[in-house]
There are 2 protein chains.
Amino acid sequence: MELVAEKTSGGGSSARKPRTRDAEATKARILDAAKREFAKNGLGGARVDVIAEKARANKRMIYHYFESKEGLFQTVLENAYVDIRTAEQKLNLDHLAPKEALERLVRFTWDYYLKNPEFITLVNSENLHRAKHLKKSEIVKVYSRKFVSMVKTILDRGVAAGVFRDGVDPVQLNITIAAIGYYYLTNRFTGSIVFERDLLAKDALEERLRFNIDTIMRLVAT
Amino acid sequence: MELVAEKTSGGGSSARKPRTRDAEATKARILDAAKREFAKNGLGGARVDVIAEKARANKRMIYHYFESKEGLFQTVLENAYVDIRTAEQKLNLDHLAPKEALERLVRFTWDYYLKNPEFITLVNSENLHRAKHLKKSEIVKVYSRKFVSMVKTILDRGVAAGVFRDGVDPVQLNITIAAIGYYYLTNRFTGSIVFERDLLAKDALEERLRFNIDTIMRLVAT
DNA sequence: TCGTTAATGCACTAACTGGTTACTTTTTAG
DNA sequence: CTAAAAAGTAACCAGTTAGTGCATTAACGA
């Protein structure tokens with residue numbers, strides 16, 4: 001049943017045949033299951049047995065490929081960061097007018113958090129552990145640099161075009177763009193109680209996005 | 001009920017007998033230890049034995065007073081909310097000019113998160129559990145209402161005085177004030193890596209507070 | 001076809017975990 | 001002074017947990 005890949009042996013260096021054993025596929029299934037389990041219960045609350053079961057893999061495989069529960073978490077977290085940073089790069093904001101580019105980034109950030117709630121939960125978990133896993137990741141640092149410079153470019157272009165005021169710190173702006181979406185979504189459950197409205201209702205979400213775009217635009221306006 | 005005060009001592013107002021057994025004190029020690037342990041490791045990661053040890057109490061006492069680990073968590077969380085809402089009410093913002101009042105609230109929120117980091121972690125934990133504990137708390141809802149109306153009053157006063165624009169939703173404003181501080185602080189560890197600067201350095205904190213006040217002021221400005 | 005290597009599965013464990021039972025000691029009402 | 005209630009303790013339990021040892025099976029190069 002695990003023989004999946006219809007990949008008939010093609011040319012090239014790695015002629016893929018249908019395999020009953022497929023390390024890559026098993027690894028991928030484990031990572032996917034782990035992402036969901038870690039996101040749902042945090043690093044401490046996640047159960048290795050549950051991950052193995054969800055991945056339709058043997059627990060032994062987890063330790064074979066990822067060494068430990070923490071090793072698995074680290075890989076999951078690293079992938080999550082690479083995924084969002086990659087998606088951001090694909091936005092191609094340099095082709096847009098500064099205002100449009102900024103709005104698009106705010107929109108993207110919001111949509112990404114909304115569609116990938118596990119990213120938020122993983123980051124929360126990692127901060128509970130004082131970023132001990134992320135610290136070890138070199139790749140994340142490289143991606144982050146590109147991300148910060150992306151926002152700086154938009155800002156600089158906007159200032160040059162006279163549509164943004166000067167002196168806005170790109171890092172602070174970055175943090176703020178993330179914050180106004182992240183906070184709303186990560187605290188959607190307690191927030192819905194405290195503010196006595198369903199923060200996840202369709203129009204509530206739309207209203208918040210509009211508010212966030214407005215907040216950022218006013219922040220950089222001349 | 002458990003009020004133990006000077007029942008026996010009669011006349012001498014402060015003639016508290018040193019007690020070797022003190023239910024209230026033990027409860028308080030347990031709650032304090034629990035707050036720290038839950039904040040540090042989350043609900044799932046916290047260990048009941050550790051809480052008992054930190055509180056210099058027997059584990060049995062925890063179950064005696066709080067029924068279960070989750071019951072203890074709920075009480076800790078409830079107290080945390082009551083504490084922050086009480087502190088907010090004490091700000092007495094109604095006596096200040098609208099702009100001052102708003103700035104003071106932004107400042108307070110930031111300082112409170114900074115001085116009580118466990119509040120943030122507890123809220124994060126609770127959201128991981130979809131607010132199942134907070135849902136049961138009536139007292140929190142009452143306090144929350146007062147809190148929201150406080151911001152609404154400031155906003156209304158500002159509009160009337162012509163210093164704030166009309167049409168800003170007090171709930172969205174509230175969320176935003178919390179967000180720009182909360183996000184920065186809860187993600188201070190991963191943030192320090194991603195942005196390659198020490199977000200907790202004294203001047204970084206001051207700069208962020210200034211930026212946040214600016215953000216909110218621009219948001220409500222006419 | 002065969003031998004080596006990588007992938008997989010099963011059964012196990014040592015340490016832990018939340019929660020409890022049975023008991024002792026202190027406080028306090030009458 | 002006494003009896004009962006409240007406060008406190010230690011040992012224990014049953015179920016879990018991350019992590020392993022070892023046998024087995026498939027893939028693949030020669």
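Sequence lines set the chain letters: A, B, ... in the order given, protein chains first and strands last, and positions in each chain run from 1.
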Produce the list of close N/O pairs, under 3.5 Å, pairing protein atoms with atoms of nucleotides 21-23 of chain D; give distances to one decimal.
from: D/dG21; atom 1: O6; to: A/Arg60; atom 2: NE; distance (Å): 2.8

Can you check the B/Glu70 CD to C/dG19 P distance for me, whole Å? 8 Å
Measuring from the side chain of B/Met61 (C-beta onward, heavy atoms only), which nucleotide among D/dT20, C/dG19, D/dA7 has the closest atom? D/dA7
If only side-chain N and O atoms count, and only distance matters, is there a donor-acceptor pair under 3.5 Å linking A/Ser137 with A/Glu78? yes
Measure NE2/B/His64 against C1'/D/dA5 and give the value in whole Å, please. 10 Å
Distance, rounded to the nearest Å, where B/Asn58 contributes CG and D/dA6 contributes P: 19 Å
Which residue pairs pass the salt bridge (Lys or Arg N to Asp or Glu O under 4.0 Å) test with at least one member in residues 146-155 of chain A, sequence neighbours excluded? A/Lys152-A/Asp156
Tell me the interatomic distance from A/Glu67, atom CD, to D/dA18, atom P, rounded to whole angstroms. 17 Å
Distance below 4.0 Å between A/Tyr65 side-chain N/O and C/dT8 OP1 or OP2: yes
Whole Å only: how far is the CZ atom of A/Phe66 from the P atom of C/dA7? 12 Å
Test: B/Arg85 cationic atom under 6.0 Å from B/Phe147 six-membered ring centre, within 45° of axis: yes
Rounded to whole Å, how long is the line connecting atom NZ of A/Lys59 with atom P of C/dT13? 14 Å
Show the distances under 3.5 angstrom between N or O atoms of the protein and N or O atoms of nucleotides 15-17 of chain C.
from: C/dT17; atom 1: OP1; to: B/Arg47; atom 2: NE; distance (Å): 2.7

Check A/Asp49 with A/Lys54, please: is the shortest side-chain N to carboxylate O separation under 4.0 Å? no
Rounded distance in Å - CD1 (A/Ile62) to P (C/dG9): 12 Å
Considering heavy-atom distances to DNA chain D, does B/Arg29 or A/Ser68 have its closest nucleotide positioned more toward the 5' end? B/Arg29
Please determine whether a side-chain nitrogen of the Lys or Arg among A/Asp203 and A/Arg208 lies less than 4.0 Å from a carboxylate oxygen of the Asp or Glu. no
Could you state the atom-to-atom distance from NZ of A/Lys27 to C1' of C/dA6 in whole Å? 12 Å
Partner set under ring-ring contact (aromatic ring centres under 6.0 Å, His included) for A/Tyr112, not counting sequence neighbours: A/Phe108
Does any pair with a residue in residues 43-67 of chain A pass ring-ring contact (aromatic ring centres under 6.0 Å, His included), and if so which ones, sequence neighbours excluded? none
If you define the side chain from C-beta out and look only at heavy atoms, does anything of A/Thr186 sit under 4.5 Å from A/Val123? no
Residue pairs, two or more places apart or on separate chains, that pass ring-ring contact (aromatic ring centres under 6.0 Å, His included) and touch residues 114-141 of chain B: B/Phe73-B/His133, B/Tyr81-B/Phe119
